[in-house]
Each structure stands twice: as structure tokens, then as C-alpha cells.
Colleague: 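Okay, handing you the structure first.
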2 protein chains.
Amino acid sequence: MTKLCGLRERKKQQTRSALVDAALALFEAKGFEAATVEEIAAAADVSPRTFFRYFTAKEGVLLAVHDEEFARLLDAVDTAPTLAEAVIATIDGDHERFRRVQELLARAPALRATFLERTVEQEHQLVDKLLPADPTPQQVLRTRLLVAATYAALRVAIESWLTTPDSHCAEHVTEALALLDQGLAVTR
Amino acid sequence: MTKLCGLRERKKQQTRSALVDAALALFEAKGFEAATVEEIAAAADVSPRTFFRYFTAKEGVLLAVHDEEFARLLDAVDTAPTLAEAVIATIDGDHERFRRVQELLARAPALRATFLERTVEQEHQLVDKLLPADPTPQQVLRTRLLVAATYAALRVAIESWLTTPDSHCAEHVTEALALLDQGLAVTR
DNA sequence: CTCAAAAGTGGCACAGCCTGCCACTTGGCG
DNA sequence: CGCCAAGTGGCAGGCTGTGCCACTTTTGAG
């Protein structure tokens, strides 16, 4: 992670974390749109101006969480034999916060929009990582499709998961990926 | 379409179209973020306040175009034998405007975010339309995956299309869908 | 230890998006 | 013609996000 040697750095991580917690709580309490940056900043005991020094936008607080998960996925890709397994391994991280964020996403379209956009960027990074040096156009297309389809399945699986009480996310993801893999008969 | 009997209705369509044209031109000229609603309204010779009576947000101007295309897709689904063919048939509509919008999307992340969100909503509509009455959970999941994966392939295809000079969009889409259909080896 | 540089913070002003409200104009219709 | 509904413009105001500057605190070099 980031180096936490000095006092300065420690304080920074502290307020950053305070902002994330405050935002998460407020978003859950009154909805993403209704919660204002002013309130979040007040709850974290900083000025609104400072909020925007930590995050570029109101959604940034949650995107940060998203990015952490993606970083773990990138690591998992190195050790797991397939992308699908890397995805499943990553999901088995901190259920708690993951579920909270996903439930917020289900209720806030504006938030969902930003996340989807970020996901597209992550797809590109993932494709770059999975692609060998000097790939053929065929390989590029195949890899892009693989990643995009995997993310699509992930999205569908999360949707099922959230609407099925007492179920495990990883199971839904596994099922969706398996179904995807055995063919969808798109053109038939 | 909408009834265009009276003078009132005709005027409305006129200013609406003027707003779309003005917005498209301004977005292309100075970028989505740089172009202000005030400028768009001025170019269409209405007040900024009126702009928001036609569209709920600045992006709304382009979402309207997106929605028209989706309406055509819904129609195509009724006649085409598969979703894939319906998609391809729809794309063969007005290339001109379609390409302009897609090129704007490639340069404006904020715009892309809104579009992606809208696409998710469209996916849901499509799933509802494709699903039989009283579907099994398996059918629901399969259909959701089919639609999500198809849209994912469409997105990848459009990306390839935009970066390949002098190519036809439909060909990229056909290729991507075919590749998707012959299997991605997701879990292998 | 001292002190200057660097980093972080707060306040202020400001542009832009978007909404509610009210007055005004204009088209539809008996 | 005259009424009603629809459409429009202007204004006030809240919220997001950014640039700028002054102030405080931490860091690190001498």
C-alpha cells in the first residue's frame, strides 16, 4: 500500500477513511442524491473544500472502494489460472463493504452510471494485462470480448444475488460464468 | 410517431429538433463539458429554462437519440429470428447520426457514463420482452446473460469500428457476435 | 535546535447544472 | 370572440466542483 511513515501520511489516511465511512453511512441513510458533500465533510470534520482534495467528485468516495477491489482482481489474475477464477477469488474478500456498495448502486442510478464508466476503464486495463506482446487482431478482439462478457456476467450475477435473500455472491457468479461458457446461442 | 396535427405540436418538434442539432454541433465543436446549456439554448433560440423542459439534463439531448435507436431495436426483435440479427438490422439505420454520437461518446467520459446507465435499463426492457410468461429461474438467468453479453459484444464491436477507418459497423458487430457465440472459454 | 520549504487546510468567489415558482404569451376550441 | 390549457421566460436558489490565497503544521536540512 502507501507508505505510512510520517505523521502527515497517517493523518491523511485517517481523514480519508473518515470521509469514506461518513459518506457510506449518509448515502445509506438518506440516499446518494439527498446526501450533500457539505454533510459528509461535516461528519468527517473537514471543510467541503477539503473533501474535493481527496476525491474528485461526490461519487469518488465509492469509486475508491471499487478501485481497491479492482487492484485485488489484478493481483488475483497473476495467480489464478483463469479470469473467471480470479474474479471469484476477488469477490471472497470483504463481503461487508462490497454488499453495502452494491446495494447503494441498486438504488442510485447516477452512482451506477459512474461505476459503469469506471468499469469500462478497468476492462481496458485488464485486456492490456491479459494480452501478450504483439497480439494479433484476432487475439485482441477475443480478449476484449472475454473481458466484456465476463464483466457482463458478473453484473447479471450481482443483480440475482441482491434479489435473492441469504445467498452467496460467489455462487451466483460461478453459475453465471458457467452458463456463459457453455454457450448462449446468440446467433441461433 | 407522435401526432403532428396542430401548429402547437409542430412547433414543439421544431424546437426539439433545433435543440438536438445545436447540442450535437456544439458538443462536437468544443466538447461535451465545455459546451454549456446556455449556449445550446441560445443556438436554438430558446431560454435555458426551456431546454430543461425538453430534456431532463444536458446529456438528455443525446439520450433521446439513443432511445430512438432502441425503439427501432424493439421493433426489429419482433421480426428478426434472433436478437443478434435484430441488432444488426437496427444498426443499418441512420449511420450518420449514429457515428456522430458514438464518436462523442468516445471522447466524453461523463456522457459515456450516462449512456451506459441507460443501456442497463434498456437491457431490462429487452429481457422482459424476450422472456415468456411464467419463466423458470433458469430461463431468466439465461436471457439476462444473453442480452448482457450481446450488448457487451456490441460495445466491443463499436470500439473496434471507431478505431478502424473506412469500415462498416455492422461487419464488426457481426464478427463480434459470431465470436461470442462460438464460445469464449471463460472458465478454461 | 532552528528555520525555511513543502504539504495540507479553510474560506471565498464563481461558473455551471438543475428546479420551483410565477407571470406572460399563444394556440386550440366551443 | 373569449376561455382554457399548453408552452415559455425570468428569477431565485441549492448543489457540485474549481481556482485562488492566506494560514497552519509537518518535514527535513543545516
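Quantities reported herein were computed from a predicted structural model and do not represent experimental measurements. To find a chain, count down the sequence lines: A is the first, B the second, and so on, and within it residues start at 1.
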Colleague: Does anything in residues 118-130 of chain B form a salt bridge (Lys or Arg N to Asp or Glu O under 4.0 Å)? List the pairs, not counting sequence neighbours.
Modeller: A:Arg155-B:Glu123, B:Asp67-B:Arg118, B:Asp78-B:Lys129, B:Arg118-B:Glu121
Colleague: Would you indicate, yes or no, if C:dG8 has its OP1 or OP2 atom less than 4.0 angstrom from a side-chain nitrogen or oxygen of A:Tyr54?
Modeller: no
Colleague: With sequence neighbours excluded, give me every side-chain hydrogen bond (donor to acceptor under 3.5 Å, both in side chains) pair touching residues 23-35 of chain A.
Modeller: A:Glu28-A:Arg100, A:Lys30-A:Glu39
Colleague: Give, for atom CD of B:Gln14 and atom CG of B:Leu19, the distance between the pair rounded to the nearest 0.5 Å.
Modeller: 11.0 Å
Colleague: If you take any heavy atom closer than 4.0 Å to DNA chain C, which residues from residues 28-51 of chain A end up in contact?
Modeller: A:Val46, A:Ser47, A:Arg49, A:Thr50
Colleague: Distance check needed: C:dT9 C1' versus A:Arg53 CZ, whole Å only.
Modeller: 6 Å
Colleague: Which residues satisfy the side chain to side chain contact (heavy atoms under 4.5 Å, CB included) test with B:Asp75, sequence neighbours excluded?
Modeller: none
Colleague: Could you state the CD-C1' distance from B:Glu59 to C:dC18, rounded to the nearest angstrom?
Modeller: 11 Å
Colleague: At under 4.0 Å, does any side-chain N or O of A:Lys12 touch on OP1 or OP2 of C:dG8?
Modeller: yes
Colleague: Taking only residues at least two apart or on different chains, which pairs with a member in residues 156-174 of chain B satisfy salt bridge (Lys or Arg N to Asp or Glu O under 4.0 Å)?
Modeller: A:Arg144-B:Glu159
Colleague: What is the distance, rounded to the nearest whole Å, between atom CG of B:Leu26 and atom P of C:dG16?
Modeller: 13 Å
Colleague: Just the rounded figure in Å: distance from P of C:dT26 to NZ of B:Lys11.
Modeller: 8 Å
Colleague: Can you tell me how far P of D:dG28 sits from CD of A:Glu9, to the nearest Å?
Modeller: 11 Å
Colleague: Output the residues of residues 100-118 of chain A in contact with DNA chain C, where contact means a heavy atom of the residue under 4.0 Å from an atom of the strand; sort by number or write none.
Modeller: none
Colleague: Nearest of D:dT26, D:dG17, C:dT19 to any side-chain atom of A:Phe52?
Modeller: D:dG17
Colleague: Please report the distance, rounded to the nearest Å, between CZ in A:Arg8 and P in C:dT9.
Modeller: 9 Å
Colleague: Compare all side-chain heavy atoms of A:Leu105 with those of A:Leu62 and state whether any distance is below 4.5 angstrom.
Modeller: no
Colleague: Which value, rounded to the nearest 0.5 Å, describes the distance between B:Arg142 atom CZ and B:Leu131 atom CG?
Modeller: 12.0 Å
Colleague: Go through D:dA5, D:dT16, C:dC18 for me and flag the one nearest to the A:Lys58 side chain.
Modeller: D:dT16
Colleague: How are the rings of B:Trp161 and B:Phe98 set to each other: parallel, tilted or perpendicular (split at 30° and 60°)?
Modeller: parallel
Colleague: Heavy atoms under 4.0 Å, any strand shown: does A:Phe55 hit a base, just sugar-phosphate, or nothing?
Modeller: nothing
Colleague: For the side chain of B:Thr119 and the backbone of B:Phe115, is there at least one donor-acceptor N/O pair under 3.5 Å apart?
Modeller: yes
